[in-house]
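Both backbone and side-chain heavy atoms feed into the values below; hydrogens, waters and symmetry mates do not.
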Amino acid sequence: MSTKIHQLIHHEAFGGVLLIACAALAMLFANTPLSGAYNEFLEIPVTVAIGNLVIDKPLLLWVNDGLMALFFLLIGLEIKREIFEGNLSSPSQIALPGIAAIAGIAVPALIYAYINQHDPVGI
């Protein structure tokens with residue numbers, strides 16, 4: 001049993017599957033009668049103290065400020081590794097993901113701008 005768990009955890013897709021499962025679980029909790037407990041969980045105070053330096057924030061802000069920064073750092077490092085020695089090391093292999101990344105930024109921004117074009121506060 002231990003070797004199967006070890007193989008599962010070290011599988012290439014495990015991190016992505018775990019991320020999707022956690023996101024789905026969070027959406028389930030946030031949109032059911034359990035939303036009150038979910039919001040209370042996010043408001044749990046978390047304190048880090050090193051000498052006179054004390055940082056006291058709710059869990060939600062630790063996730064937003066700290067874990068998301070770490071997440072995007074790791075994503076950036078993974079993309080860099082793929083560009084230098086992985087599947088994105090040639091221009092023909094990077095074209096489609098590059099276009100998709102640019103479209104993933106531009107299309108939602110264009111939709112937002114279109115919906116809010118006559119709203120002076122929205123843009």
Side-chain angles (χ1 to χ4, degrees):
M1 185 68 171
S2 174
T3 58
K4 288 188 178 189
I5 293 173
H6 186 267
Q7 288 175 343
L8 176 69
I9 291 173
H10 287 86
H11 191 275
E12 184 176 298
F14 178 73
V17 171
L18 182 64
L19 184 63
I20 290 170
C22 289
L25 190 62
M27 285 190 290
L28 179 75
F29 277 118
N31 293 295
T32 62
L34 297 171
S35 64
Y38 181 69
N39 289 330
E40 286 179 26
F41 173 72
L42 292 176
E43 292 300 320
I44 292 174
V46 178
T47 303
V48 174
I50 303 172
N52 292 334
L53 175 66
V54 177
I55 303 174
D56 185 25
K57 296 181 176 187
L59 181 61
L60 177 66
L61 293 179
W62 281 104
V63 170
N64 286 348
D65 296 344
L67 295 179
M68 291 303 286
L70 181 63
F71 170 77
F72 284 111
L73 171 69
L74 293 175
I75 294 298
L77 291 173
E78 180 68 20
I79 291 172
K80 180 180 176 182
R81 185 187 66 79
E82 287 294 328
I83 288 173
F84 284 114
E85 58 189 47
N87 292 332
L88 302 176
S89 58
S90 72
S92 63
Q93 291 173 321
I94 202 169
L96 183 62
I99 292 168
I102 292 168
I105 295 168
V107 170
L110 291 172
I111 292 170
Y112 178 84
Y114 177 76
I115 291 171
N116 293 297
Q117 65 185 340
H118 299 296
D119 182 7
V121 177
I123 294 184

* Can you name the nearest heavy-atom pair linking Ser35 to Ala30, along with the distance? -> CB-O, 3.4 Å
* To do: Please report the closest heavy-atom contact between Val46 and Trp62, naming both atoms and the distance.
  =>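 Looking at all heavy atoms of both residues, the closest pair is O-NE1, 3.0 Å.
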* Asked: Around atom CD1 of Ile50, are there more than 12 heavy atoms of other residues, nucleotides or ligands at under 6.0 Å?
  -> no
* To do: Count the heavy atoms of every other residue, nucleotide or ligand shown that sit under 6.0 Å from CG of Asp56, and state whether that count exceeds 12.
  =>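 Above 12, so yes.
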* To do: Start with the C-alpha distance between Asp65 and Lys57, add both sets of side-chain angles, then the distance that settles side chain to side chain contact (heavy atoms under 4.5 Å, CB included), and finish with yes or no.
  => CA-CA 10 Å; Asp65 296 344; Lys57 296 181 176 187; 2.7 Å; yes
Gap between atom [atom2] of [Y] and atom [atom1] of [X] - 0.5 Å precision:
X     : Y     : atom1 : atom2 : result
Ser90 : Ile83 : OG    : CD1   : 11.5 Å
Tyr38 : Asn31 : OH    : CG    : 9.5 Å
Leu74 : Leu67 : CG    : CG    : 10.5 Å
Met68 : Ile75 : CE    : CD1   : 9.5 Å
Leu28 : Leu34 : CG    : CG    : 7.5 Å
Phe41 : Leu60 : CZ    : CG    : 10.5 Å

With a 4.5 Å cut-off on side-chain heavy-atom distances among I, L, V, M, F, W and Y, is there a chain of contacts connecting [X] to [Y]?
X     : Y     : answer
Phe72 : Ile79 : yes
Val48 : Leu42 : yes
Ile5  : Leu8  : yes
Ile9  : Ile20 : no

* Passing candidate, side-chain contact (heavy atoms from CB on, under 4.5 Å) with Val107, options Ile105, Ile111, Leu110 -> Ile111
* **Reference residue Leu88; test side-chain contact (heavy atoms from CB on, under 4.5 Å); the match among Lys80, Glu82, Arg81** =>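 Running side-chain contact (heavy atoms from CB on, under 4.5 Å) over Lys80, Glu82, Arg81 with Leu88 returns exactly one hit, Glu82.
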Is there a side-chain contact between [X] and [Y], using heavy atoms and a 4.5 Å cut-off?
X     : Y     : answer
Leu61 : Pro58 : yes
Glu43 : Leu59 : no
Thr47 : Ile55 : no
Phe14 : His10 : no
Met27 : Leu25 : no

